[in-house]
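Beneath this line is the structure, given in structure tokens, with notes to follow.
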Protein chains: 2
Amino acid sequence: MASQGPELEIVHLLRAVTVELGLHSSRFARRNALHPTDVRALIALMDASRADEEMSAGRLGALLGLNSAGTTSLIDRLERGGHVRRVRGRADRRKVVVEVDEKAVELGQAFFGPLIDRTVELLQGYDERERAAIRGFLEGVRDAAVAEEG
Amino acid sequence: MASQGPELEIVHLLRAVTVELGLHSSRFARRNALHPTDVRALIALMDASRADEEMSAGRLGALLGLNSAGTTSLIDRLERGGHVRRVRGRADRRKVVVEVDEKAVELGQAFFGPLIDRTVELLQGYDERERAAIRGFLEGVRDAAVAEEG
DNA sequence: GTCGAGTGTCTTGCTCAGCGAGATAATACG
DNA sequence: CGTATTATCTCGCTGAGCAAGACACTCGAC
């Protein structure tokens, strides 16, 4: 099984990476008494915040594939844990904008920071052509996964 | 956000890849009326089968982080769907060896095969040094994630 | 303005994955 | 043989997420 040609070995390796990153996330979840969905939500919220976009309850739910009831209880859960605040939208007052608490952001950075730093460090060990190969490969896999929606 | 240096861009790309691969798995899950856990279980079972290892109920549960009750109901579910068979262990008759049904294997290959093929194809577009960089990077990330169990 | 359709969120009642505790069955070891 | 250990299953429960619908706000037509 370890002798299936160099390409399949890398495919297998990529899967191992996704598995380990998933396990890493679930360690974060368990440690903070969060569910996998909660972690995904927090990540989406932090992304939005970094991009200076408002994240409404509905948009968050859609992103995570939850219906409105599930979304409400997700936000309830996060709010109860103090990770998130509900703020009524100013422009459209039906909307609920979900804001991440500063402490949650710090918590996440403290947990995922070292791994990100280590990855950046790894990448600095490669020259421009090698980095381009890595980037191109990842882009290719991402696009292939996106395209595979038959 | 897209201008954070070449290294962080790749880190972000890697996350996008894991997200998209996760979504791809969940499309497979939904289409076959399976839960995420069921998919993870089937993958673990196929891996074991390819490596010619027997997978007992307990080992499967441990691999997925389930307790014994959860493991039993997981296998019940998979068996009910015809994806899996229970076989009493010959050597140790307390054990239950879980075998994947041929059809489930084919189903999985039909679904994940194209993506794997596309990935192999991508890899063939790189020379030996570039492939080594990709492999080394993935190994490094995997090891970093494994090491981060503080 | 105000009426109605449309949209965003929350409530209610339910299903089912997974947990804890403990029962049952087979093995190992004295 | 009998006791401890190991592997799985059963029972009762908690809680995430769903479907349906209530409620609140917005916006366009008149």
Side-chain angles (χ1 to χ4, degrees), chain A residues 22-23 25-45 48 53-81 83-99, chain B residues 22-23 25-45 48 53-81 83-99:
Chain A
L23 289 176
S25 276
S26 61
R27 280 193 290 274
F28 176 70
R30 179 157 307 193
R31 177 169 317 184
N32 297 90
L34 297 170
H35 300 264
T37 303
D38 302 1
V39 175
R40 286 174 57 211
L42 286 175
I43 290 174
L45 287 168
E53 286 174 15
E54 287 198 337
M55 180 66 91
S56 71
R59 203 156 85 85
L60 179 61
L63 231 78
L64 302 177
L66 299 180
N67 75 0
S68 66
T71 303
T72 296
S73 82
L74 163 71
I75 299 175
D76 283 352
R77 223 155 53 223
L78 291 174
E79 200 172 38
R80 220 178 301 133
H83 304 296
V84 130
R85 284 182 304 278
R86 272 179 167 93
V87 182
R88 273 285 161 195
R90 278 164 304 118
D92 186 339
R93 300 239 323 253
R94 290 167 303 180
K95 289 192 182 177
V96 164
V97 174
V98 184
E99 292 178 353
Chain B
L23 288 175
S25 276
S26 60
R27 281 192 291 273
F28 175 71
R30 179 158 305 192
R31 177 170 315 185
N32 297 91
L34 296 170
H35 301 263
T37 303
D38 302 1
V39 176
R40 287 175 56 212
L42 287 175
I43 289 175
L45 287 167
E53 287 175 13
E54 288 197 337
M55 180 66 91
S56 71
R59 202 156 86 83
L60 178 62
L63 230 79
L64 302 178
L66 300 180
N67 76 0
S68 65
T71 304
T72 297
S73 84
L74 163 71
I75 299 174
D76 284 351
R77 221 154 55 223
L78 291 174
E79 199 172 39
R80 218 179 301 132
H83 304 295
V84 129
R85 284 183 304 278
R86 273 181 168 93
V87 182
R88 274 284 163 194
R90 279 163 301 119
D92 185 340
R93 303 237 323 251
R94 289 168 303 182
K95 288 191 181 176
V96 164
V97 174
V98 184
E99 291 178 353

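Because the structure is a prediction, the values reported are computed rather than measured. Sequence lines set the chain letters: A, B, ... in the order given, protein chains first and strands last, and positions in each chain run from 1.
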Whole-Å gap separating [atom2] ([N]) and [atom1] ([X]):
{"X": "A/His35", "N": "D/dG15", "atom1": "NE2", "atom2": "P", "result": "9 Å"}
{"X": "B/Ile75", "N": "D/dT8", "atom1": "CD1", "atom2": "P", "result": "7 Å"}
{"X": "B/Arg80", "N": "C/dA17", "atom1": "CZ", "atom2": "C1'", "result": "11 Å"}
{"X": "B/Lys95", "N": "D/dT5", "atom1": "NZ", "atom2": "P", "result": "18 Å"}
{"X": "B/Glu79", "N": "D/dC9", "atom1": "CD", "atom2": "C1'", "result": "13 Å"}
{"X": "A/Asn67", "N": "C/dT15", "atom1": "CG", "atom2": "C1'", "result": "13 Å"}
{"X": "A/Leu34", "N": "D/dA16", "atom1": "CG", "atom2": "P", "result": "11 Å"}
{"X": "A/Asp92", "N": "C/dT7", "atom1": "CG", "atom2": "C1'", "result": "8 Å"}

Check this one for me: any side-chain N or O of [X] less than 4.0 Å away from OP1 or OP2 of [N]?
{"X": "A/Thr37", "N": "D/dG17", "value": "yes"}
{"X": "A/Arg93", "N": "C/dG8", "value": "no"}
{"X": "B/Arg88", "N": "C/dA25", "value": "no"}
{"X": "A/Arg86", "N": "C/dC10", "value": "yes"}

Open item on the list: For B/Arg86, I'd like to know if atom CZ has over 12 heavy atoms of other residues, nucleotides or ligands within 6.0 Å.
Closed with: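 Yes, because the 6.0 Å sphere around CZ of B/Arg86 holds more than 12 heavy atoms from other groups.
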Open item on the list: Both B/Ser56 and A/Arg90 contact DNA chain D. Which one's nearest nucleotide lies toward the 5' end?
Closed with: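 Whichever sits nearer the 5' end wins; that is B/Ser56.
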Open item on the list: Closest-nucleotide mapping onto DNA chain D: is A/Gly70 or B/Arg94 further toward the 5' terminus? I mean the 5' end.
Closed with: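 The residue closer to the strand's 5' end, by nearest nucleotide, is B/Arg94.
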- [ ] Considering only NZ, NE, NH1 and NH2 on the basic side and carboxylate oxygens on the acidic side, decide whether A/Lys95 and A/Glu54 come within less than 4.0 Å.
- [x]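 Result for this pair is no, no salt bridge flagged.
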Open item on the list: Just to be sure I understand the rule, does A/Gly61 reach a base, reach only the sugar-phosphate, or reach nothing, if contact means heavy atoms closer than 4.0 Å?
Closed with: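 Result for A/Gly61 = nothing.
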- [ ] Sort out for me which residue in B/Arg94, B/Arg88, B/Arg90 forms a side chain to side chain donor-acceptor pair (under 3.5 Å) with B/Asp92.
- [x]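 One option only clears the test, and that one is B/Arg94.
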- [ ] Can you figure out which of C/dA21, C/dT11, C/dG18 approaches the side chain of A/Ala69 most closely?
- [x]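 Among the listed nucleotides, the one closest to the side chain of A/Ala69 is C/dT11.
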TODO: Measure the spacing between CG of A/Leu78 and CG of A/Leu45 and express it to the nearest 0.5 Å.
DONE: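 It comes to 7.5 Å.
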Task: Side-chain (B/Asn32) to main-chain (B/Leu34) donor-acceptor, under 3.5 angstrom - done: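 The answer is no, because no donor-acceptor pair under 3.5 Å joins these two groups.
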